[in-house]
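Below: the structure, in structure tokens.
We count residues from 1, following the sequence as given. Atoms considered below: every heavy atom in the structure, side chains included; atoms not considered: hydrogens, waters and symmetry mates.
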Amino acid sequence: MLLRLPTSVPEARQCLADGAVPIGGATLVWATWQRDGFPRLAVSLREVPAANVVGRETLGGAVLLHRIDATVPDALRLAAATIGTGAVRRTATVGGNIVGSTLRCLLPPALALDARATVLEPEGVREADLAEVVAKRPVLLGLRWRTPLASAYRKLPAEPGGQPPLVVASALHAEDGERRRLRVAVRDGYDVLTGTTRCDTGADDALDALRDTALGDLPATAWEVVRPQITGLLEDDGRN
């Protein structure tokens, strides 16, 4: 296998046009390649500056999970810190987790932040929503979002051999004037559900409104995690 390490977006695009298979930390594909055979040509974005940014409102797809720090919102930082072991976090990438993983622990916080994806294709760079990224699995160049007022994340302990642990992520966003908007994303099993509501009148009203979204299908055990997180998030914002 020949691994190309482009140093710019145009070079990376050309690698894809040449048929190179994207590879990040290879934590999710190495065993498959050992079993089924290695590709002739692979490409990594680890030397592309645009894919390695860690900023207040952006996160590159080639960023290693252990590099995600307090620069980004709490929901993303806390999510990254709970993925795998320290050895995994020093190898696995943002793009690998969101695009290549079936668990996608970074997806709920990214959805809560209302993030948009920048994807790289042989034809060039374009913006995409996260639903398209999950469905079509393009090369993730990075994520962008607007800084929230506050955000939160919780992953329940995993049961050995059981379903993926419940994940709840939420973010409070400012709108025009004093208005606020709450976005919540929950991973229940392998499914990720989202809900959005205005939250100008308190936690109870916001929770009632969220039950009228896709989150209303969550089991009672999930709401036992959602409720205190939302209540705490709104109380910490200091307006309730």
**Prompt:** According to the salt bridge (Lys or Arg N to Asp or Glu O under 4.0 Å) rule, which pairs have a member within residues 72-87, sequence neighbours left out?
**Reply:** Asp74-Arg77
**Request:** Following the transitive rule for hydrophobic clusters with a side-chain heavy-atom cut-off under 4.5 Å over Ile, Leu, Val, Met, Phe, Trp and Tyr, establish whether Val48 and Val119 coincide in one cluster.
**Result:** no
**Leu143 with Leu113, same ILVMFWY side-chain cluster at under 4.5 Å** = yes
**Message:** Quick check: do Leu141 and Leu45 have side-chain heavy atoms less than 4.5 Å from each other?
**Reply:** yes
**Complete:** Residues at least two apart in sequence or cross-chain that pass salt bridge (charged side-chain N to carboxylate O under 4.0 Å, His left out) with Glu11, listed by chain then number, are none
**Request:** Show the numbers, then the answer: is there a side chain to side chain contact (heavy atoms under 4.5 Å, CB included) between Leu166 and Asp188?
**Result:** CA-CA 5 Å; Leu166 182 79; Asp188 181 31; 4.2 Å; yes
**Message:** Quick one about Ser170 and Gln229 (side-chain donor to acceptor, distance below 3.5 Å, no hydrogens or angles considered), yes or no?
**Reply:** yes
**Asked** Any Lys/Arg nitrogen of Arg227 or Asp204 sitting under 4.0 Å from an Asp/Glu carboxylate oxygen of the other?
**Response** yes
**Message:** Measuring from atom OG1 of Thr71 to atom CD of Glu57, what distance do you get when rounded to the nearest 0.5 angstrom?
**Reply:** 12.5 Å
**Prompt:** Out of curiosity, Leu210 CG to Cys199 SG, how far, rounded to the nearest 0.5 Å?
**Reply:** 9.0 Å
**Prompt:** Quick one: does Val192's side chain get under 4.5 Å of Val186's, heavy atoms only?
**Reply:** no
**Request:** Can you spot which of Thr93, Val99, Asn97, Leu59 makes a side chain to side chain contact (heavy atoms under 4.5 Å, CB included) with Leu140?
**Result:** Val99
**Request:** Identify the two heavy atoms, one from Val43 and one from Cys15, that lie closest to each other, and give their separation to 0.1 Å.
**Result:** CG2-CB, 3.8 Å
**Prompt:** Are Arg67 and Asn52 side-chain neighbours, meaning at least one heavy-atom pair lies under 4.5 Å?
**Reply:** yes
**Sub-4.5 Å side-chain heavy-atom contact between Arg183 and Arg181** = yes
**Complete:** Under a side-chain separation threshold of 4.5 Å, the hydrophobic residues clustered together with Leu2 are Leu41
**Asked** Rounded to the nearest 0.5 Å, how far does CG of Leu149 lie from OG1 of Thr147?
**Response** 9.5 Å
**Fill in**
In short, side-chain hydrogen bond (donor to acceptor under 3.5 Å, both in side chains) pairs touching residues 205-214 with sequence neighbours left out are Thr201-Asp205
**Prompt:** Between CG of Leu78 and CZ of Arg154, what distance do you get to the nearest 0.5 Å?
**Reply:** 12.5 Å
**Message:** Taking atom CZ as the centre, does Arg198 end up with more than 12 heavy-atom neighbours from other residues, nucleotides or ligands that are less than 6.0 angstrom away?
**Reply:** yes
**Hphob cluster co-occupancy, Leu130 + Val184, side-chain heavy atoms under 4.5 angstrom** = no
**Request:** Find the distance between CG (Asp191) and CG (Leu218) and round it off to the nearest 0.5 Å.
**Result:** 10.0 Å
**Message:** Whether the side chain of Arg89 engages the backbone of Ala81 through a donor-acceptor N/O pair (distance < 3.5 Å, no angle test) should be reported.
**Reply:** yes
**Asked** Any sub-3.5 Å donor-acceptor pair from Thr82's side-chain atoms to Ala79's backbone N or O?
**Response** yes
**Fill in**
In short, Val133 meets Ala117 closest at the heavy-atom pair CG2-CB, 3.6 Å
**Prompt:** Do Val63 and Leu106 share a hydrophobic cluster (ILVMFWY, side-chain heavy atoms under 4.5 Å, transitive)?
**Reply:** yes
**Message:** Please find the pair of heavy atoms, one from Ala75 and one from Ser151, that lie closest to each other, and give the distance.
**Reply:** N-OG, 3.0 Å
**Fill in**
In short, Tyr190 meets Thr102 closest at the heavy-atom pair CD2-O, 3.6 Å
**Asked** Is a side-chain N or O of Arg13 found less than 3.5 angstrom from the main chain of Gly124, in a donor-acceptor match?
**Response** no
**Message:** Quick check on the hydrophobic clustering: are Trp145 and Val94 connected, directly or via other members, by side-chain heavy-atom contacts under 4.5 Å?
**Reply:** yes
**Message:** Is any side-chain heavy atom of Leu76 closer than 4.5 Å to one of Tyr153?
**Reply:** no
**Prompt:** Crowded around Arg144 CZ? As in, over 12 foreign heavy atoms under 6.0 Å?
**Reply:** no
**Item:** Pairs involving residues 107-126, ordered by first then second residue, that meet side-chain hydrogen bond (donor to acceptor under 3.5 Å, both in side chains) (sequence neighbours left out)
**Value:** Arg116-Glu127, Glu121-Arg126, Arg126-Glu132
**Asked** Are Arg104 and Val134 close enough, and set up right, to give a side chain to side chain contact (heavy atoms under 4.5 Å, CB included), and what steps lead you there?
**Response** CA-CA 9 Å; Arg104 298 186 174 97; Val134 171; 3.7 Å; yes
**Request:** Show which residues join Val53 in its hydrophobic cluster (side-chain heavy-atom contacts under 4.5 Å, direct or indirect), or state none.
**Result:** none
**Asked** Should Thr91 and Leu64 be marked as a side chain to side chain contact (heavy atoms under 4.5 Å, CB included) after you check the CA-CA gap, both sets of side-chain angles, and the distance that decides it?
**Response** CA-CA 6 Å; Thr91 305; Leu64 300 178; 5.6 Å; no
**Message:** Using 0.5 Å steps for rounding, measure from the CZ atom of Arg187 to the SG atom of Cys105.
**Reply:** 4.0 Å
**Message:** Apply side chain to side chain contact (heavy atoms under 4.5 Å, CB included) to residues Leu182 and Thr196 and explain how you reach the verdict.
**Reply:** CA-CA 6 Å; Leu182 178 67; Thr196 303; over 6 Å; no
**Request:** Keeping the roles fixed (side chain from Asp18, backbone from Ala20), state whether a donor-acceptor pair exists under 3.5 Å.
**Result:** no
**Complete:** When every non-hydrogen atom of Leu234 is compared with those of Ala203, the smallest separation belongs to CD1-CA, 3.5 Å
**Message:** Please give me the minimum heavy-atom distance between Ala185 and Ala112, naming the atom from each residue.
**Reply:** CB-N, 4.3 Å
